[in-house]
Participant: 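Okay, here's the structure, questions in a sec.
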Amino acid sequence: MDKQLIKVVVLAAGKGTRLQTDDNDAPKVMRLACGKPLLEYVLDALPVTQKEDIIIVVGYGKDQVIKYFDGYEFAEQKEQLGTGHAVMAAKAQLLGFKGAVMVCYGDMPAIKKETYAQLLNTHFEQNNVCTILTGETTLDLAFGRIIRDENGDFVCVVEDRDCTPEQAQITEVNTGVYVFDSVQLLDTLDKLKNDNAQGEYYLTDVPEIMRESGAKIGLLKRNLGDEILGVNTPEQLQQVERILSNS
C-alpha cells in the first residue's frame, strides 16, 4: 500500500441540530467525548499520517474546527445539500491527484484504525474503482442496505426510508465509508443528480453510477458492532463515550 497515493476526505460540516443546547452551539464534530472532540478520534484513527493528505470538509461553526485542527487542509461546504455535495466541496483539492481517496465521517469516532487500514488494503489488492465498508450490527440504526446480485456482487445501496419490507430485512448495511479512485470519483460526482424529495446529492449514488459504467466495485464486510455508531443525539453521544472509554 503506497501511502503517497492516498488522500482522506472527512465530512465534518454538520450542525448537529439535535445536540444543540442554549449553552452549547458547537458544531457536531466538536462535541466532546471523554474530553476530546469527536473529530479528533477520527483523525487519530486514519491510516495516513500527513496532515496535508487529509481534507476536512467544514460548514457550520467552521472557525472552531479550523482553529482547533491547525495544519490540516480544509474545504467549505457552504450549503448542506447532501453527502455527495459535501465531497464536491473538496473537488479543488483533489483535482490532479491520481490515487485513492477515502471518504469518512467526523462524527463516527469509534471506527478503529485497523478497519480503515483493511478497507484501503482491500481496495488496492482487488484493484477496485470503489470499495465500500459494509457490516452487520445489533445497533438500531437507520442505515442504507447493501443490495447484491445472485453472484454476491454489489448492485446498489437502498436508503432505510426507501426499503421495501423485504429489503428492510437485509442485515448488511452501508457505513458510508468508501475508498474511490480519485479521477473516477471526480468524474462521477459531475453526474450526480438531486432529483429526490430532499433535493440533495447523495454519495450513495456514486458506486451505483460507477457500476453501471462497468467499474469494479468491491465490498469489505466486517462485523462492525459498535464501531459504526454516529453521533446525532445526546443519547448517542453518551453511548459513544461508553464505547470509547472501554476501548
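All values below come from the heavy atoms of this structure, side chains included, with hydrogens, waters and symmetry mates left out. In what follows, residues are counted from 1 in the order of the sequence shown.
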Participant: Between D181 and K216, does any side-chain N to carboxylate O distance fall below 4.0 Å?
Facilitator: no
Participant: Applying ring-ring contact (aromatic ring centres under 6.0 Å, His included), which residue pairs with at least one partner in residues 156-190 are found, sequence neighbours left out?
Facilitator: Y178-F180
Participant: Say whether Y60 and Q80, considering side chains only, have a donor N or O and an acceptor N or O under 3.5 Å apart.
Facilitator: no
Participant: Using side-chain hydrogen bond (donor to acceptor under 3.5 Å, both in side chains) as the criterion, list what pairs up with D107, not counting sequence neighbours.
Facilitator: K28
Participant: Taking the six-membered ring of Y41 as reference, does the NZ or CZ atom of K36 fall below 6.0 Å from its centre and within a 45° cone about the axis?
Facilitator: yes
Participant: Residues two or more places apart in sequence or in another chain: which of them pass side-chain hydrogen bond (donor to acceptor under 3.5 Å, both in side chains) with E159?
Facilitator: T204
Participant: Output yes when E136 and R222 qualify as a salt bridge under the 4.0 Å nitrogen-oxygen rule, no when they do not.
Facilitator: no
Participant: Where do T131 and Q126 land on the side-chain hydrogen bond (donor to acceptor under 3.5 Å, both in side chains) test, with the steps shown first?
Facilitator: CA-CA 9 Å; T131 310; Q126 297 182 357; 5.5 Å; no
Participant: Run through D53, V8, I55 and flag the one making a side-chain contact (heavy atoms from CB on, under 4.5 Å) with E73.
Facilitator: I55
Participant: List the residues meeting ring-ring contact (aromatic ring centres under 6.0 Å, His included) with Y105, not counting sequence neighbours, and say none if there are none.
Facilitator: none
Participant: Just list the side-chain donor-acceptor pairs under 3.5 Å for residues 81-88, sequence neighbours left out, or say none.
Facilitator:
residue, atom, partner, partner atom, Å
T83, OG1, L203, N, 3.0
H85, ND1, Q77, NE2, 3.0
H85, ND1, E79, O, 3.2

Participant: Are the charged groups of R148 and D153 less than 4.0 angstrom apart, N to O?
Facilitator: no
Participant: Given a cutoff of under 4.5 Å between side-chain heavy atoms of I, L, V, M, F, W and Y, with clusters grown through shared members, what are the other residues clustered with I147?
Facilitator: V155, V158, I170
Participant: Salt bridge between D187 and K191, side-chain N to carboxylate O under 4.0 Å?
Facilitator: yes
Participant: Taking atom NZ of K7 as the centre, does the number of heavy atoms from other residues, nucleotides or ligands within less than 6.0 Å exceed 12?
Facilitator: yes
Participant: I'd like to know whether E40 forms a side-chain hydrogen bond (donor to acceptor under 3.5 Å, both in side chains) with Y68, so could you lay out the CA-CA distance, the side-chain angles of the two residues, the decisive distance to 0.1 Å, and finally the verdict.
Facilitator: CA-CA 10 Å; E40 189 167 346; Y68 189 94; 2.9 Å; yes
